[in-house]
Amino acid sequence: MFSGKRIVLGVSGGIAAYKAVEICRHLVANGAHVTPIMTTGSKKFLGELTLSALASERVKSSLWEDDDPIPHTTLGQQADLILIAPATAKLIGTYAAGISNDLLTATLLASRAPVIICPAMHTEMWEHPAVQDNIRTLKNRGVFVVDPEDGQLAGGDEGKGRLAATDLIVSKVERVLGPNDLENLKILITAGGTREEIDPVRFISNRSSGKQGYAIAAAAVARGATVTLITTVEREAPPDVEIQCAESARDLQAAVMSCAKNHDIIIMAAAVADFHPSKIAHTKLKKTSSFKKIDLEPTHDFLVDLGEDKLPHQTIVGFAAETENLEKNALEKLFKKKLDLIVANDVSAPETGFAYDTNAVLLLSAETKQSIPLADKRVVAERILDAIVKIRQNDY
Ligand SMILES: Cc1cc2nc3c(=O)[nH]c(=O)nc-3n(C[C@H](O)[C@H](O)[C@H](O)COP(=O)(O)O)c2cc1C
């Protein structure tokens, strides 16, 4: 996610300073080079060694004692992003006033990189007009603010002021660092395998885990899209994704068709059942019953409807999970369903398709064939979105 990006992580002196460790871990795990700067106050709350051990380099704090002769400008100039978590009332005030009185505030002022601040403080402090004025000033200057949450505060108090959750902060970092090439676009994504009821306790399903659909949703949000995810499975998704649940092919169809027209891009990553039982038993089928076989009938292929009714501004992407004749079968689907792009994967190949964290796919449009070799599903998601962006620019 953050490969090759240099992030300065500023930590100021509040109770939530210990949470900076978790944030740092996430950023580093996702490829960022994290340079930590701690204020003198933050060291009362968090051991410098802990952050040094988890970041990409040792903690920096001083304007005067570093090997670098001009530390106050170097870090800010090199940064792709400055993230302050937690940001105290003092830090926010000092930054808003343009005062440079330690390494962190000097770095903030000597930088043109985007800045995200994540305030954390007691409710009274957060609501104080001076703090709110400073927050407004910073927002007006283009600083991104991840607002604190309601919840338990230090000293047994409760209210607004808790540092925002780590995933919310990391997701904001993704959005700010991302290419933003999907900004102002609404994307509808489906994920997971449908469950077709046999009786109240049994169903027919498939091995789809939903991981690829969720990875596309996360990548799309990071690139600025507004994302609705209709899913049959519960997985962790970025906080900005709107989640709707569905179970059967019929549910999924109803959910998709009810909002399809409001979306610019529709990505049907869900493994929708091709068949469902003709009849659903209303009570549990007994071993002893005369029941011998389940009659199946085809589900309605609503991807065909989406292709037929496609609006001029829409891009429709289908998935083809195949075990043989991958390219031929996928191309047939592409043309039959009037899709703009089909993502074909051979689900019988090693480490690809259902349930794995990795995938290898063939992206096929009417004019182009692109092979995406085995990679993490997030990487595959980015390549699918790259292809969609190019299709929309008539460049694929
Ligand atoms: C126990 C304790 C907890 C504190 N928690 C916070 C806090 O959560 N948010 C805040 O803005 N200030 C908090 N403060 C006040 C700051 O530590 C103080 O303003 C300090 O000067 C901040 O310096 P710095 O921003 O340079 O790190 C706390 C102080 C103490 C003693």
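Atoms within a ligand are numbered from 1 in the order they appear, just like the ligands themselves. All values below were derived from every heavy atom in this structure, side-chain atoms included, with hydrogens, water molecules and symmetry-related copies excluded. Being a predicted model, the structure only gives us computed values, none of them experimental.
- Polar contact check, D102 against ligand 1: no nitrogen or oxygen pair lies under 3.5 Å apart.
- Taking a cutoff of 4.0 Å between a charged side-chain nitrogen and a carboxylate oxygen, E308 and K337 do not qualify as a salt bridge.
- When each of Q314, K186, H313 is paired with D264, the side chain to side chain donor-acceptor pair (under 3.5 Å) condition holds for H313 and for no other.
- Counting only heavy atoms of the protein, atom 18 (C) of ligand 1 lies nearest to G13 O, 4.5 Å.
- Atom 11 (O) of ligand 1 has A89 N, 2.8 Å as its closest protein atom, hydrogens excluded (heavy atom only).
- Less than 4.0 angstrom separates some heavy atom of T39 from each of these atoms of ligand 1: 24 (P), 26 (O), 27 (O).
- Heavy-atom contacts of F45 reach the following atoms of ligand 1: 1 (C), 2 (C), 3 (C), 4 (C), 30 (C) (cutoff under 4.0 Å).
- Of the protein's non-hydrogen atoms, the one nearest atom 25 (O) of ligand 1 is T88 OG1, 2.6 Å.
- Using a 4.0 Å cut-off between charged nitrogen and carboxylate oxygen, E22 and K19 do not count as a salt-bridge pair.
- With ligand atoms numbered from 1 in the order given, ligand 1 contributes 3 (C), 5 (N), 8 (O) to contacts under 4.0 Å with heavy atoms of I15.
- In this structure, atom 31 (C) of ligand 1 is not in close contact with the protein, since no protein heavy atom lies within 4.0 Å of it.
- For the pair K333 and E322, the salt-bridge criterion is met [side-chain N within less than 4.0 Å of a carboxylate O].
- With salt bridges taken as basic N to acidic carboxylate O contacts below 4.0 Å, one links K211 and D357.
- Between the CG atom in D305 and the NZ atom in K310 there is a gap of 14.5 Å [rounded to 0.5 Å].
- Under a 4.0 Å criterion applied to the non-hydrogen atoms of S12, ligand 1 contributes the atoms 25 (O), 27 (O).
- Under the 4.0 Å criterion applied to side-chain N and carboxylate O atoms, R223 and D181 are assigned as salt-bridge partners.
- Considering only heavy atoms from C-beta on, D80 comes within 4.5 Å of L177 through its side chain.
- A salt bridge does not link R250 to E247: none of the charged nitrogens lies less than 4.0 Å from a carboxylate oxygen.
- The shell of residues lying under 4.0 angstrom from ligand 1, judged by heavy atoms, excludes A16.
- Each of the atoms 5 (N), 6 (C), 7 (C), 8 (O) of ligand 1 lies under 4.0 Å from some heavy atom of G14.
- Among M121, R162, M38, K90, the residue whose heavy atom sits closest to atom 23 (O) of ligand 1 is K90.
- Annotation for ligand 1: atoms under 4.0 Å from non-hydrogen atoms of M125 are 10 (C), 11 (O), 12 (N).
- Of the protein's non-hydrogen atoms, A120 O, 2.9 Å is the one closest to atom 9 (N) of ligand 1.
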